[in-house]
There are 2 protein chains.
Amino acid sequence: MEGVDYLGDERSKAEFDVDAMKIVWAGSKDAFDLVHRMSKLVADDPVFRKDNRTMLDRKALFKSTLEKSAYAFKRVNELNLTYEEATKLRFFIDEPTFTDLHWGMFVPAIKGQGTEEQQEKWLPLAQKMQIIGCYAQTELGHGSNIQGLETTATFDSKTDEFVIHSPTLTSSKWWPGGLGKVSTHAVVYARLITEGQDHGVHGFIVQLRSLEDHIPLPGITVGDIGTKFGNGGYNTMDNGVLRFNHVRIPRNQMLMRILQVSREGKCTYSDVPRQLIYGTMVYVRQTIVSDASIALSRAVTIATRYSCVRRQFGSQNGGPETQVIDYKTQQNRLFPLLASAYAFRFVAEWLKWLYGDVTARLNANDFSMLQEAHACTAGLKSLTTTATADAIEECRKLCGGHGYLCSSGLPELFAMYVPACTYEGDNMVLLLQVARFLVKTVSQLGSGKQPVGTTSYMGRGEYLMQYHSNVERAEDWLKFGAILEAFEARAFKMVVSCAQSLLNFPNPEEGFAELSVDLAEVAIAHCQLIVVSKFIDKLKQEIAGKGVKQQLVYLCNIYALSLLHKHQGEFLATSTITAEQASLATTQLRNLYSQVRPNAVALVDSFNYTDHYLGSVLGRYDGNVYPKLYEAAWKDPLNDSVVTDGYVEYIKPLLKGKLNLSRL
Amino acid sequence: MEGVDYLGDERSKAEFDVDAMKIVWAGSKDAFDLVHRMSKLVADDPVFRKDNRTMLDRKALFKSTLEKSAYAFKRVNELNLTYEEATKLRFFIDEPTFTDLHWGMFVPAIKGQGTEEQQEKWLPLAQKMQIIGCYAQTELGHGSNIQGLETTATFDSKTDEFVIHSPTLTSSKWWPGGLGKVSTHAVVYARLITEGQDHGVHGFIVQLRSLEDHIPLPGITVGDIGTKFGNGGYNTMDNGVLRFNHVRIPRNQMLMRILQVSREGKCTYSDVPRQLIYGTMVYVRQTIVSDASIALSRAVTIATRYSCVRRQFGSQNGGPETQVIDYKTQQNRLFPLLASAYAFRFVAEWLKWLYGDVTARLNANDFSMLQEAHACTAGLKSLTTTATADAIEECRKLCGGHGYLCSSGLPELFAMYVPACTYEGDNMVLLLQVARFLVKTVSQLGSGKQPVGTTSYMGRGEYLMQYHSNVERAEDWLKFGAILEAFEARAFKMVVSCAQSLLNFPNPEEGFAELSVDLAEVAIAHCQLIVVSKFIDKLKQEIAGKGVKQQLVYLCNIYALSLLHKHQGEFLATSTITAEQASLATTQLRNLYSQVRPNAVALVDSFNYTDHYLGSVLGRYDGNVYPKLYEAAWKDPLNDSVVTDGYVEYIKPLLKGKLNLSRL
């Protein structure tokens, strides 16, 4: 049956140019080529196989990841890959490992926070991987609140050294990836103490293990923090625990680009603008939004293809049952997720542009857009990662019972994805930051300060406060203007209402605490508006390929109208729309599903994922699901023998009524 | 630090009698004693330890479960436990295993569907576990739609046997627990074919393995279907695959209580009412709702206790940071889940009563309440399991990063719980069954047929159609009457609206398909009403213990008002409440959180879970979280050696720049 395309019928129904959509998804022809080449390179190499990953115990799993990481570095050198190619190659290996932190956090930390001399010394070593580094910030008792970290770095002017120390159990570094079993070095965040004064948290390069035999250096206790959610998943990573017992490092291992400590222990700030750190945060969160669109599209690919293969109920006269994707309830759960994948893709594309813009402005000492850019990326990080985590689990449920098998790929994808909701800013904490910025923006409207970027709609505040949608027929909800204004009015009215409530509190901080739940809802409304508006902006551009733009228009409408339905309480409560208009929106939403239905498989094919990357029997490109599920089952270790290990000790005595004689 | 109670301060704040609440939660003093004794018996026995479960590979994990299962049976006999005690004992071992299916499905199937002779023959064998049975219904290509099963049982009148056969790959039995590696027998569901006619799906007792050496009998292919979601979790269960190649069984192994096949192959229905099957379904789903309240309360216990231990931000003048539970955003996510746990507990208690009522009526040949009881239990199964699965994941997120560690207990609880959304009726399929019943009930209102049981509010249809809430102040939302009528009006108006839309379709089935999304929403609205109303009914009873009822009143209000907020779009769109009233409800909801806050730990203590059963370092009774997390980390297999396995092969060559010389 190899070579048969069980989804061929579905593919022949597509009403658009799939190859053109692949380019749109990738962002450009060059980006497509890069991704295509690197994903194929990984898929074709047996060293990178991952279909046995969920069956290995922790030690075997970890060792196999070490092999892949080393082999990947070797291949990068052999093939002389560029930085961009190497990054993509590692991405498609699809296995969290110490090199993620080495390249993604350790090297950038030195680049961003190290002086030129420090960069000259440490970067070549890191780039050749003669040292392996990680990023040791969070502690057992301290996560999001960096200012609460307890590890100390006390300057000893006698020896010109810092003494790094973990004064309490809760100050143990906890979670850093690559720390537990691999890294030789770490950028350690600790409270700088000099001349008896606490100067807040700064980064220090600390060697952890001998470069000769890998044994932890004196004063250093280091290990893995234990098993994490899911089989396979993040268990390939050695998230670590680290304690310091008065470990000494030379003064020049404090990262001193911003703050310098002199030989005498005096602190001096350099003239490097401290806002630079926001540029880095915009960058990191931009990649997280992009990764969200990838994780979500991956789950949607699996659920969409299997919903076409799977049949249930509705058999007429003994004929085949109905394809599950033809049920409205399935479409209503699946198609908004498909639309979200595209929506997140385009907002990520825009964020990439934003990062470039922010960087250019920073270099020109223009900080005017920084706060807005920071709030916007924080909010989008929160919105897209929460939505994606929920969506992966929803896709698993959409696959019925078989989604629960590891061979479906969805359990591991979920377990591997959910940390994104917590790292680089807890999603709830981020929403409150956004809300704070929105309330501030609104409160300054009267003072003549113009709102910028994604808040510029607030400049039309008077209009929006009076806004009532004029939609009369279901088709009116297809107009982007109608959608956009409804989302703007809902968000603006909610911000204003919160800002007014805050005035009732004598102490603003107490108000923020009391109203934080409403504030988080406000932030979500604003961020949804951003995603909708960037999707619409994308559609204003020229988009090549037969039928491609039309499909994206459908998806944009589905994205917006499904949100409108989900949050109709807010649209109604703010008098932005009437109950009748809400009902028309729902009708239009469900009409749109029929447009997407024949294109569903082609729309997920456009993501261009290899079967290796998908890692799912249910999501196979050829749709040959059941024979392959059956085949996969027999590979489970429990099937190594026909009679199970344990039969003699525990089952036989039970059946024979001889439990009392057994060793139990 | 052993023996210290880090949550003592929290406990001293409680404003109610915790011991009395424990009785309320358990249902009665006797129920409390039973649960208390059995959970302690398990917790105190080292054979039942489970803290290493997430670190074992599949084979080791499975073998350890076999040991626990055999040992449990031995203990049951040694201690001469009653059926009820034994069931609770197995429950608290908290490890899915073949005996769940043996006692929970195989034995009941024979009792319910077997003739008296069949029961006499098979039940004693099963009760002594001289045979071990499972329940083989679902197939690789067929889940919820039982009528689509493909396995055949063809009567051969020459030999007086049935020939059991798997005609296709998709007809392979797939998923039955206990089937893969343990069961010697199965109740197999297959299409009965006799005299060339297909008589639909019936149950057959089939022996699978030799009772001498456990080797599968000729014609039988059986194995495990592979790894499932999560570490530990359901991987202790041998969900199996089974194929038949013309396997012969004697005619008397068809379960013939309802339909009999004669020596000549003639079919005759007995006079046993076929509705009996609904009684069983009510029973099974009632236990699922009860289990939902337990799983949910377990997750809430962990999240609540850890939210009191964990501190973040808000430090004043170098003092301790704020307890996470004091943040409104945390309360807003956590307290409605705490309230849901109690709500589900009381609706489960009522369902237990309902099952008794249904059984008594069935025995009296009164089928008048059957449809309503069936719809109600189907809907509550769907509602409570979906909510619980989501809630466990939410509780994990409420624990921040540490919730992602297996030692938090939450990943495994989630992975182990989610199948409940799929088994015993897919949750979406069930909602549509409920909706169908509701539409039918509404359409019969004019004909004088009185709605019964949980639909009796529909008898006040005219009143409800005209209903507009008269709430004027936030406090008005504390009145149960105001809440109940709002929920009734919303549900009724939604059913009526759907029923009217259905009339626009010439073909009702097409209408059901087109409107299924709305219908599912209608079913949810109705089921939420049931839960709210049963909680209120509970509060009309006398409840002993200082302050106990007051706490339950708060929780009932929180449960209802949090749903009202979440679904405010529906309450507004049906003109049941105004935007102003919705806002008052939200205000009142958030006021209630302050009432619950000082009682939060005591409210979860009332569930009376042992630390063994909780299986969570974060949820420990004594709150001694951080030292124990630290301790747990070192038990990971990766920490067996200071220098990791794989260093020599993969890390050293990397650091030394000698990858090209290595075996890679």
Side-chain angles (χ1 to χ4, degrees), chain A residues 54-55 57-59 63 66-67 70-71 74 129 140 143 145 148 169-170 175 181 214 223-229 231 241 312-313 321 328-329 332 400-401 404-407 411 419 422 428 516-517 520 568-569 572-573 579 582 626 633 636-639 643-647 650 654 659 664, chain B residues 54-55 57-59 62-63 66-67 70-71 74 129 140 143 145 148 169-170 175 181 214 223-229 231 241 312-313 321 328-329 332 400-401 404-407 411 422 428 516-517 520 568-569 572-573 579 582 626 633 636-639 643-647 650 654 659 664:
Chain A
T54 58
M55 290 178 237
D57 67 39
R58 184 89 204 274
K59 271 185 175 173
K63 193 170 175 181
L66 291 181
E67 179 181 4
Y71 179 72
K74 186 181 170 193
M129 295 201 94
L140 183 52
N145 184 13
L169 182 81
T170 48
W175 275 118
K181 305 307 290 184
H214 218 236
D224 185 273
I225 59 169
T227 323
K228 289 148 291 188
F229 200 167
N231 354 47
V241 48
Q312 188 131 281
F313 292 108
E321 296 174 285
K328 291 284 169 185
T329 46
N332 186 56
Y404 189 64
L405 282 171
C406 287
S407 54
T422 312
M428 181 53 75
S516 54
V517 175
Q568 62 167 297
L572 292 170
Y626 295 118
D636 192 272
L638 277 193
N639 290 327
V643 173
T644 189
D645 194 18
Y647 165 70
Y650 308 121
L654 190 66
L659 273 180
L664 279 169
Chain B
T54 58
M55 290 180 235
D57 67 37
R58 183 90 204 274
K59 270 185 175 173
F62 187 68
K63 193 170 175 181
L66 291 181
E67 178 182 6
Y71 180 72
K74 186 181 171 195
M129 293 202 95
L140 183 53
N145 184 13
L169 181 81
T170 47
W175 276 117
K181 305 307 291 183
H214 218 237
D224 185 274
I225 59 169
T227 323
K228 288 147 291 186
F229 200 166
N231 353 45
V241 47
Q312 185 131 282
F313 293 108
E321 297 174 285
K328 290 285 169 184
T329 47
N332 186 55
Y404 189 65
L405 282 171
C406 288
S407 53
T422 313
M428 181 53 75
S516 53
V517 175
Q568 62 166 297
L572 292 170
Y626 295 119
D636 192 90
L638 278 194
N639 290 326
V643 174
T644 189
D645 194 16
Y647 164 69
Y650 309 122
L654 190 65
L659 273 180
L664 279 169

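We use all heavy atoms of the structure for the numbers below, so side chains are in, but hydrogens, waters and symmetry mates are not. Residue numbers start from 1 in every chain, and the chains themselves are labelled A, B, ... in the order their sequence lines are given, proteins ahead of strands.
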With a 4.5 angstrom heavy-atom cut-off, is it the side chain or the backbone of [X] that approaches chain B, or both, or neither?
X        : result
A:Val241 : side chain
A:Thr170 : side chain
A:Leu66  : both

Taking [options] one by one, which has the highest count of heavy-atom pairs under 4.5 Å against chain A?
options                                : value
B:Ala520, B:Ala579, B:Gly226           : B:Gly226
B:Leu654, B:Leu638, B:Leu572, B:Ile225 : B:Leu638
B:Met428, B:Lys228, B:Gln568           : B:Lys228
B:Glu321, B:Lys328, B:Met55            : B:Lys328

Quiz item: Quick one: ring-ring contact (aromatic ring centres under 6.0 Å, His included) partners of A:Tyr647, sequence neighbours excluded?
Solution: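 Expected list: B:His214.
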Contact leader toward chain B among [options], where contacts are heavy-atom pairs under 4.5 Å:
options                               : value
A:Asp57, A:Thr227, A:Thr422           : A:Thr227
A:Thr54, A:Thr644, A:Asn231, A:Asn332 : A:Asn231
A:Ala582, A:Gly143, A:Gly223          : A:Gly223

Quiz prompt | Under 4.5 Å from any heavy atom of chain A - which part of B:Leu140 | solution = both
Quiz prompt | Under 4.5 Å from any heavy atom of chain A - which part of B:Phe62 | solution =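 Only the side chain of B:Phe62 comes within 4.5 Å of chain A.
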Exercise. Can you see which heavy atom on A:Thr329 is nearest to which on B:Ser516, and at what distance?
Key: CG2-OG, 3.5 Å
Self-check item: For B:Gly401 against A:Trp175, the heavy-atom pair lying closest together
Solution: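 Heavy atoms only, the tightest pair is O-CZ2, 3.1 Å.
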Quiz item: Between A:Asn639 and B:Asp224, is there a donor-acceptor pair closer than 3.5 Å when you use the side chain of the first and the backbone of the second?
Solution: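 Confirmed, A:Asn639 side chain pairs with B:Asp224 backbone.
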Quiz prompt | Residue pair A:Lys59, B:Asp645: steps toward the salt bridge (charged side-chain N to carboxylate O under 4.0 Å, His left out) verdict | solution = CA-CA 8 Å; A:Lys59 271 185 175 173; B:Asp645 194 16; over 6 Å; no
Exercise. Please identify each residue that fulfils side-chain contact (heavy atoms from CB on, under 4.5 Å) with B:Glu67, with sequence neighbours left out.
Key: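 Expected list: A:Tyr650, A:Leu664, B:Val47.
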